[in-house]
Amino acid sequence: MEANMTFEQQIVRLEQIVAKLERGEVALAESLALFEEGTRLAAACSQQLRQAEQQVVRLTKGPDGAPVEGSFEMPAGGAE
């Protein structure tokens with residue numbers, strides 16, 4: 001199911017899962033299934049964010065003042 005969902009849909013579903021688990025109104029078996037689904041969704045979202053981060057470019061001013069694209073560089077010791 002997650003493979004066909006957009007990033008935004010995955011986030012919404014993840015929020016629904018968290019809310020349901022926090023209410024504590026589901027049986028143990030359903031809680032485990034929801035937890036597993038949430039874990040898969042979180043991993044998929046994290047992967048998509050890493051890919052988006054790699055596509056980010058840094059814009060700087062060139063000698064003529066026009067924007068110039070440069071590669072995005074992670075700062076030393078930056079978060080993963």
Side-chain angles (χ1 to χ4, degrees):
M1 178 174 157
E2 295 97 25
N4 299 328
M5 298 170 73
T6 66
F7 177 81
E8 292 77 12
Q9 291 169 327
Q10 290 175 349
I11 292 293
V12 168
R13 177 62 183 147
L14 192 52
E15 290 171 345
Q16 292 169 344
I17 290 170
V18 169
K20 198 169 194 178
L21 290 172
E22 285 179 341
R23 285 194 303 271
E25 300 171 353
V26 293
L28 179 60
E30 185 180 356
S31 292
L32 290 172
L34 287 170
F35 181 79
E36 289 174 3
E37 181 184 355
T39 301
R40 286 191 306 271
L41 286 166
C45 288
S46 180
Q47 176 63 26
Q48 289 177 28
L49 287 173
R50 279 192 298 274
Q51 289 172 346
E53 185 177 61
Q54 291 172 358
Q55 293 176 355
V56 171
V57 295
R58 184 173 53 99
L59 294 178
T60 59
K61 283 187 182 178
D64 60 355
V68 176
E69 284 187 5
S71 63
F72 178 77
E73 305 255 342
M74 289 292 294
E80 182 86 15

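The structure displayed is predicted, hence computed values, not measured ones. Note that these values count all heavy atoms, side chains included, but never hydrogens, waters or copies made by symmetry.
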Co-membership, hydrophobic cluster, residues Leu14 and Phe35, 4.5 Å side-chain:
no
Side-chain contact, heavy-atom cut-off 4.5 Å: Leu41 with Glu37?
yes
Of all heavy-atom pairs between Ser31 and Val26, which one has the smallest distance, and what is that distance?
OG-CG2, 3.0 Å
Nearest heavy-atom pair of Arg13 and Leu34: which atoms, and what distance?
NH2-CD2, 3.6 Å
Heavy atoms from other residues, nucleotides or ligands near CZ of Phe7 exceed 12 (cutoff 6.0 Å):
yes
Quick one: list whatever passes salt bridge (charged side-chain N to carboxylate O under 4.0 Å, His left out) with Glu30, sequence neighbours left out.
Lys20
Distance-only donor-acceptor check, side chains Gln47 and Arg50, under 3.5 Å
yes
When rounded to the nearest 0.5 Å, the distance separating SG of Cys45 from CZ of Arg40 is 12.5 Å
Can you tell me if Ser46 uses its side chain to pair, donor with acceptor, with the backbone of Ala42 under 3.5 Å?
no
